[in-house]
Amino acid sequence: MTGPVTADGCAVEVYRRLPATGEPELVHAVAGPGARILDLGAGTGRIADPLVATGHDVVAVDDSAEMLAAVRRARKHRSRIEDLDLAERFDLVLLASHLVNTPDDGLRRALLAAARRHLAERGRVLLQWHEPAWFDGLAAGTTTEGDLGPFATRLEVHERSGPLLTATVTYRDGDDAWSQSFTALRLGRQQLAADLGAAGLALEPAEPAPSWLLARARG
């Protein structure tokens, strides 16, 4: 299936068709009513737009014009996350889509630094990650099938090299299919805590949901 593809290989049509799967409810529960929210890597607004509908002021940030064109309710800002420097500050900064599992250590720290510099006083960062156990259940040559929204999904693991996993995920909706290859880092909690600390952030002990973590500015 053809169509616009972002610089990191995401098919825009996949995210246009993919509904939120509980994320807006999680974000709302963490942020509280009426919170100002910054959605970093917002894509088509599948999380940002429902949050606006529940009374939040949301800025959706993405570096893909095609992704942002699908955002309907949130305020839009086109930028790479690591370059973002808005004058506004937010009660909650959202960093979803397992972006912290990038194998580029410098990029991970830059993403976390961008989140930190946009926090309001007593603001928090809500981030999604692939926990180490997710990697431990996947071996080279294995295939895992599942469902996500309207899609039947297929994850094919090509290689495990130390902490790195290289794979291809295929999304199928009827006769339409899209594939995306990626490499993800098995990021331990200790390393993540160190990267957060370098950005002036500290993990909170409570986890709001599986594969989600909260951090706030260091005292």
Side-chain angles (χ1 to χ4, degrees), residues 1-30 39-51 60 62 64 66-67 70-71 81 94-104 107-108 111 126-189 191-192 206-214:
M1 188 77 178
T2 58
V5 176
T6 65
D8 59 354
C10 295
V12 174
E13 183 62 17
V14 168
Y15 289 89
R16 193 188 68 80
R17 297 188 190 191
L18 182 64
T21 54
E23 298 94 343
E25 292 81 4
L26 171 64
V27 175
H28 176 73
V30 170
D39 187 357
L40 299 177
T44 57
R46 67 186 191 88
I47 301 175
D49 282 344
L51 286 169
D62 206 279
S64 166
E66 292 84 2
M67 286 283 197
V71 176
I81 297 170
L94 177 63
L95 193 62
S97 302
H98 313 101
L99 293 175
V100 294
N101 288 99
T102 173
D104 185 332
L107 175 58
R108 183 184 321 105
L111 298 176
L126 177 62
L127 61 92
Q128 184 181 28
W129 71 322
H130 284 306
E131 297 174 278
W134 181 79
F135 291 84
D136 297 341
L138 298 171
T142 61
T143 299
T144 304
E145 297 186 353
D147 296 291
L148 181 64
F151 300 106
T153 62
R154 179 183 177 91
L155 178 69
E156 300 176 74
V157 181
H158 305 306
E159 184 178 358
R160 290 293 307 273
S161 177
L164 298 179
L165 178 147
T166 302
T168 297
V169 60
T170 299
Y171 303 91
R172 186 173 296 278
D173 184 9
D175 293 331
D176 299 334
W178 301 261
S179 292
Q180 179 183 357
S181 296
F182 65 93
T183 298
L185 174 71
R186 184 187 184 279
L187 182 65
R189 186 179 292 268
Q191 182 180 351
L192 178 57
E207 298 181 9
S211 302
W212 291 88
L213 298 170
L214 272 169

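Along the sequence shown, the residues carry numbers beginning at 1.
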Under 4.0 Å between a Lys/Arg side-chain N and an Asp/Glu carboxylate O for R189 and E131?
-> no

Between S211 and H130, do the side chains contain an N or O donor and an N or O acceptor separated by less than 3.5 Å?
-> no

Whether D173 side chain and D176 backbone form a donor-acceptor pair below 3.5 Å | no

Does the side chain of E145 pick up a donor-acceptor pair with the side chain of T143 at under 3.5 Å?
-> no

Heavy-atom closest pair, residues L95 and I81 = CD1-CD1, 4.3 Å

Donor-acceptor pair, side chain of Q128 and main chain of S97, under 3.5 angstrom | yes

Under the side-chain contact (heavy atoms from CB on, under 4.5 Å) rule, what do E159 and L165 come out as? Steps first, then yes or no, please.
-> CA-CA 6 Å; E159 184 178 358; L165 178 147; over 6 Å; no

Donor-acceptor pair, D62 side chain versus G43 backbone, under 3.5 Å?
-> yes

Can you label the angle between the F151 ring and the Y171 ring as parallel, tilted or perpendicular, going by 30° and 60°?
-> perpendicular

Determine yes or no for a side-chain-to-main-chain donor-acceptor pair under 3.5 angstrom, with R160 supplying the side chain and F135 the backbone.
-> yes

Counting N and O atoms only, with roles assigned by atom type, does the side chain of S161 sit under 3.5 Å from a partner on the main chain of L164, one being a donor and the other an acceptor?
-> no

With distance as the sole test, does T102 use its side chain to make a donor-acceptor pair with the main-chain N or O of L99 at under 3.5 Å?
-> no

Does any N or O in the side chain of R172 come within less than 3.5 Å of the main-chain N or O of A152, such that one atom is a donor and the other an acceptor?
-> no

